[in-house]
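Below is one structure; the comments refer to it alone.
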Amino acid sequence: MQPLPLNVYQDHDTLTVAQLLLGCELVHESPDGPTAGIIVETEGYITGDPACHAYRRATQRNAAMFGPAGTLYVYQIYNHYNCINVVTGPEGVGEAVLIRALEPTEGIEQMALRRNEAFKTGFERYRNNTIDADTADGFRNLANGPGKLVIALGINRQTHNFASLTDKTGDTSSIFIRGPVLHDFEMVTTTRIGIKFGAELPYRYYIKGNRFVSKK
DNA sequence: TTCATGATCTTCT
DNA sequence: GAAGATCATGAAT
């Protein structure tokens, strides 16, 4: 299946893109092999939204949000986790869709390796932690949160901030979205998670009943 | 230069 | 359901 074309990202408003991405598959073709998962949960961040990183002004951190639609904004949060956003809206406008959870579909072993490696090199206190992808709990735990899915797919800010989702020329580590691979699901619209301002805005979307959604 | 603050994950109760 | 880990970033001084 081919990557979603550019017009999907640039011909719709941000909140529409957030809904369109549900059921599509996020793919990372890394040197370690491909890993992929179905997007089951997203949040929109738009102009005039006090929770949006671009609410105040363009800075070094949020610069990617002001880039063209169909590129990635990767930022670091809470010390050492990363989250990924799909940039939307015209160039110069800081809007994006946060990918919050994936249902793993490809490269399950590799995802478990990366998550376990993150434990080893991360906090000292997690050094003895392991995720067994063969158990139901372990499998569910691979990418059911924005920080987790970034680790599972091997995404990092240095190589993927500003990266294009539609232009795959010459990449050794390319990311794109294809699909949709899931159809006929019910979507739930609700409020966003983990924010203080704009918490009442219903910009969060997820696939009803999907067990990989980070939080109901 | 200092200071407050997280779009989180994990463990423990 | 609560709290700790732990530091880059942005805004104030």
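Just so it is clear, the structure is predicted and the values come from calculations on it, not from any experiment. So you know, we letter chains A, B, ... as the sequences are listed, proteins then strands, and number each from 1.
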Practice task
From the options C:dA8, B:dA7, C:dG10, select the nucleotide whose nearest atom is closest to the side chain of A:Ile77.
Solution key: B:dA7
Handout entry: Residue-phosphate contact under 4.0 Å: A:Arg57 side-chain N/O, C:dA11 OP1/OP2
Key = yes
Exercise for the section: Answer yes or no: does a side-chain N or O of A:Arg157 lie under 4.0 Å from OP1 or OP2 of C:dT9? Expected result: yes
Problem - N/O (side chain, A:Arg204) to phosphate O (OP1/OP2, B:dA7) under 4.0 Å - result: no
Handout entry: Toward the 5' end of DNA chain B, by each residue's nearest nucleotide, A:Asn144 or A:Lys196
Key = A:Lys196
Exercise for the section: Could you tell me whether the phosphate oxygens of C:dG10, OP1 or OP2, come under 4.0 Å of any side-chain nitrogen or oxygen in A:Arg61? Expected result: yes
Handout entry: Integer-rounded Å distance: B:dT10 C1' and A:Ile131 CD1
Key = 10 Å
Exercise for the section: Would you state whether a donor and an acceptor, one from the side chain of A:His53 and one from the base of B:dA7, lie under 3.5 Å apart? Expected result: yes
Exercise for the section: For the residue pair A:Asn156 and A:Thr159, confirm or rule out a side-chain donor-acceptor distance under 3.5 Å. Expected result: yes
Practice task
Validate the cation-pi geometry between A:Arg192 and A:Tyr45: distance from NZ or CZ to the six-membered ring centre under 6.0 Å, angle to the ring axis within 45°.
Solution key: yes
Practice task
Using only side-chain N and O atoms of A:Arg56, determine if any of them is under 4.0 Å from OP1 or OP2 of C:dA12.
Solution key: no
Problem - Is_stacked (A:Tyr81, B:dT8) at 5.5 Å, 30 deg - result: no
Exercise for the section: Take atom CG of A:Asn129 and atom P of B:dC9, then tell me their distance rounded to the nearest Å. Expected result: 14 Å
Problem - Spacing of A:Asn161 atom CG relative to C:dA8 atom P, expressed in whole Å - result: 16 Å
Problem - A:Tyr75 aromatic ring stacked with six-membered ring of B:dA7, 5.5 Å and 30° - result: no
Fill in the blank from the handout: Between CG of A:Asn116 and C1' of B:dC9 the distance, given in whole Å, is 14 Å
Practice task
Look at the side-chain heavy atoms of Ile, Leu, Val, Met, Phe, Trp and Tyr, link any pair under 4.5 Å apart, and say whether A:Leu6 and A:Leu20 land in one connected group.
Solution key: no
Practice task
Have a look at A:Arg192 and say if it touches a base, only the backbone sugar-phosphate, or nothing, with a 4.0 Å heavy-atom cut-off.
Solution key: nothing
Handout entry: SB check A:Arg114 A:Glu117 (cutoff 4.0 Å)
Key = no
Exercise for the section: Using a heavy-atom cut-off of under 4.0 Å over every strand shown, decide if A:Leu98 touches base, sugar-phosphate, or nothing. Expected result: base
Fill in the blank from the handout: From NE2 of A:His80 across to C1' of C:dT9 the rounded distance in Å is 16 Å
Practice task
Using Watson-Crick or G-U wobble geometry with both distances below 3.5 Å, tell me the partner of B:dA7, or none.
Solution key: none
Handout entry: Sugar-phosphate only, base, or nothing, as touched by A:Glu43 at under 4.0 Å among non-hydrogen atoms
Key = nothing
Problem - Under 3.5 Å side-chain donor-acceptor pair for A:Glu95 and A:Thr47 - result: yes
Problem - First of A:Gly147 and A:Phe197 reached from the 5' end of DNA chain B, by closest nucleotide - result: A:Phe197
Handout entry: Nearest-neighbour nucleotide for the A:Arg100 side chain, B:dT8, C:dA8, B:dT10 considered
Key = B:dT8
